[in-house]
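Protein chains get the first letters and strands the later ones, always in sequence-line order, with residue 1 at the start of each.
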Amino acid sequence: MSNQAKKITPALPRGMRDYLPDQMAVRQKIIETLRRVFELYGFQPLETPAMERLEVLSGKYGEEGEKLSFRVMKRGAELERALEKVKAGEAPVSELCDMGLRYDLTVPLARVVAMYRDKLPLPFKRYQIGPVWRADRPQHGRYREFTQCDVDIVGTEELSYHTKFMDAEILCLVMDVFSALNIEIDIRISSRKLLEEICEISGISNDKFDDFCQALDKYDKGGMKLVVEDLKLRGINLSTQGIIFLRELSELNTSKIILSIDQIKNKIVNNSKGEFQDSIGCFDLKELFETIFSLRPSMASKFLLFDPMLARGLDYYTGTIFEITTKDKNLRQSFGSIGGGGRYDGLVEKFIDKSFPAIGISFGIDRIIDILLIEGKEIEMATGGAIAIISQSQDSPHTPSPQSISQAGYVQDLLHLKGISAYISPYYGYRLGKQIETAVRMKARFVLIIEDGVSIDKEDVSFGIKRLSTGEQRRLTLDEAVKWIKETEQ
RNA sequence: GUGAGUGUAGCUCAGCUUGGAUAGAGCGCCAGGUUGUGGCCCUGGUGGCCGUGGGUUCAAAUCCCAUCACUCACCCCA
């Protein structure tokens, strides 16, 4: 009966993926590398639910983020009631939903800090790895469900020096992570405070700041011309002076970082008509770069860039911002950024009446994996267990004798006790070629052959053990086999 | 949300322009060659509502319309 029923098409939700065992091996290895670095720096793991109450999520990401959030409908009677209200025009459609899938891991962290502020040590250094969801249109390197790996420090205003130090610590960690992964990257760094100052001097009002940032973000793609055009589209007409100022900034040679920050400071002070005596953005950035240069001199000069044109999209950033891309231009073009983050001092304050300085980085694990695979970096293959137990005898076709099976079970149990993964071939009793072929396909590293008429309860009984990667076969006792298997583990 | 492209076997694709008889290939899968030890080779076999619905026609994988799905670009980002 059931086989006549209409079949359900096996398919995934758009933009979401399965990770098959081979892919999982790669993922787990990379995640392991990251985790190791995080723990070296003293970060602790955290997990939070996939769903959050809608009010926790909303109002944190900006208009675009709002649109791209997956929402979850109310249920039961509550849904009925909301439906009535919406139909009657008494409530907006959004009234039908009360929860949403998390859009990133930063807002949930802010919620956690707000909820457990008395229990958590400050500064709170945590990492979190898990899926986030965005209702984007998928493209290469862009998914609707993807794994984010966040490392954040939530500090306390009482420790004012450490508060500044946090940014440098996060950036050092980023450099260490990519060194461990052996990926060549650039870290572009700027500051929202600097952008605010630039925005003001260019003659753009404060309420257009987000538009200004998003327009500025276009610089990478189409230069100053595109930025000006984009600003126009957003209803911002720059004064000639403003355009000249921005052009000067964009053409600034930033190869000498500290020097160029000083130059920008001067430009800001000069262009401000006496409004600015100094630039807080520049001051902070200079301090940050100097700190990193003293912590990790060689790495810093290799990876760090100062980019006054960097903007970043999320609303909640308040200070230092940065973005990670590969040095390889093609990869950079096709994947975009593989990580990014910044300072978000005001986020916890959206929940409670206390503010916590905080900074974090988000690694785009999926893109990092894609890049490692493209670059052909060697990644350990999955193994489906050390040893497959197969039978030489075929008592009656495909039906091994109870005696033969109990021998296999006995051997398997002994191997397990010695910590060797071992399983009885699903084709146990089929012709040998078939059993070996299957063992290869199931990614076993060895096969052990139970021969006809062996009494295996004797101490010194030996078996044919074949190493599948080389084809080498030896006759060994179980102890010797265990030794061989362990030797060949890398 | 806007624009473009693609849907044919488990997978990658050919065929479509110019409609015509049992819709092909490679890979995979299954069986055998192999009285029993995988990968190579050879032989045979399995496998298709040609995305879905409608239209044109004596006749549609092929032409037209609609629809859905996927891919790419924009947007935005990880």
Which base sits across from [N] as a Watson-Crick or G-U pair, both distances under 3.5 Å?
{"N": "B:C70", "value": "B:G5"}
{"N": "B:C41", "value": "B:G33"}
{"N": "B:C27", "value": "B:G10"}
{"N": "B:G53", "value": "B:C65"}
{"N": "B:U17", "value": "none"}

OP1 or OP2 of B:U37 under 4.0 Å from side-chain N/O of A:K434:
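Checking A:K434 against B:U37: no side-chain N or O falls below 4.0 Å of OP1 or OP2.
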
Taking the chi torsion of B:G51, is it syn (within 90° of 0) or anti (everything else)?
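Base orientation relative to the sugar is anti.
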
Salt bridge (Lys or Arg N to Asp or Glu O under 4.0 Å) partners for [X], two or more places apart:
{"X": "A:R144", "value": "none"}
{"X": "A:D167", "value": "A:R343"}
{"X": "A:E55", "value": "A:R53"}
{"X": "A:E229", "value": "none"}

Could you measure between the two [atom1] atoms, the one in [N] and the one in [M], and give it in whole Å?
{"N": "B:G7", "M": "B:C58", "atom1": "C1'", "answer": "29 Å"}
{"N": "B:C50", "M": "B:A9", "atom1": "P", "answer": "9 Å"}
{"N": "B:C42", "M": "B:G28", "atom1": "P", "answer": "11 Å"}
{"N": "B:C40", "M": "B:C29", "atom1": "P", "answer": "10 Å"}
{"N": "B:G33", "M": "B:A21", "atom1": "P", "answer": "39 Å"}
{"N": "B:U18", "M": "B:U2", "atom1": "P", "answer": "32 Å"}
{"N": "B:A23", "M": "B:A69", "atom1": "C1'", "answer": "23 Å"}
{"N": "B:C49", "M": "B:G24", "atom1": "P", "answer": "15 Å"}

Taking side chain to side chain contact (heavy atoms under 4.5 Å, CB included) as the test, write out the residues that go with [X], two or more places apart.
{"X": "A:E145", "result": "A:M16, A:P131, A:W133"}
{"X": "A:R474", "result": "A:E472, A:L476, A:W484"}
{"X": "A:S469", "result": "A:R467"}

Whether each nucleotide of nucleotides 73-78 of chain B has a protein heavy atom under 4.0 Å at its base (B), only at its sugar-phosphate (S) or at neither (-) is summarised, 5' to 3', as BBBBBB

[X] bridged to [Y] by N-O distance under 4.0 Å:
{"X": "A:D98", "Y": "A:R71", "value": "no"}
{"X": "A:K125", "Y": "A:E169", "value": "yes"}
{"X": "A:R441", "Y": "A:E437", "value": "yes"}

By the 4.0 Å heavy-atom rule, please label A:L468 as base, sugar-phosphate, or nothing.
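Base contact.
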
How would you label the contact of A:I449 with the nucleic acid (heavy atoms, under 4.0 Å): base, sugar-phosphate, or nothing?
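Counting heavy atoms under 4.0 Å across all strands, the contact made by A:I449 includes a base.
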
RNA chain B contacts made by residues 470-484 of chain A, counting heavy atoms under 4.0 Å
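Nucleic-acid contacts, sorted: A:G471, A:Q473.
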
Atom [atom1] of [X] and atom [atom2] of [N]: how far apart are they, to the nearest Å?
{"X": "A:I465", "N": "B:U37", "atom1": "CD1", "atom2": "C1'", "answer": "13 Å"}
{"X": "A:F446", "N": "B:G38", "atom1": "CZ", "atom2": "P", "answer": "18 Å"}
{"X": "A:R441", "N": "B:G39", "atom1": "CZ", "atom2": "C1'", "answer": "12 Å"}
{"X": "A:E437", "N": "B:G38", "atom1": "CD", "atom2": "P", "answer": "9 Å"}
{"X": "A:K466", "N": "B:G39", "atom1": "NZ", "atom2": "P", "answer": "10 Å"}

A:E184-A:T326 side chain donor-acceptor pair, cut-off 3.5 Å:
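Side-chain D/A pair, A:E184 to A:T326: absent.
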
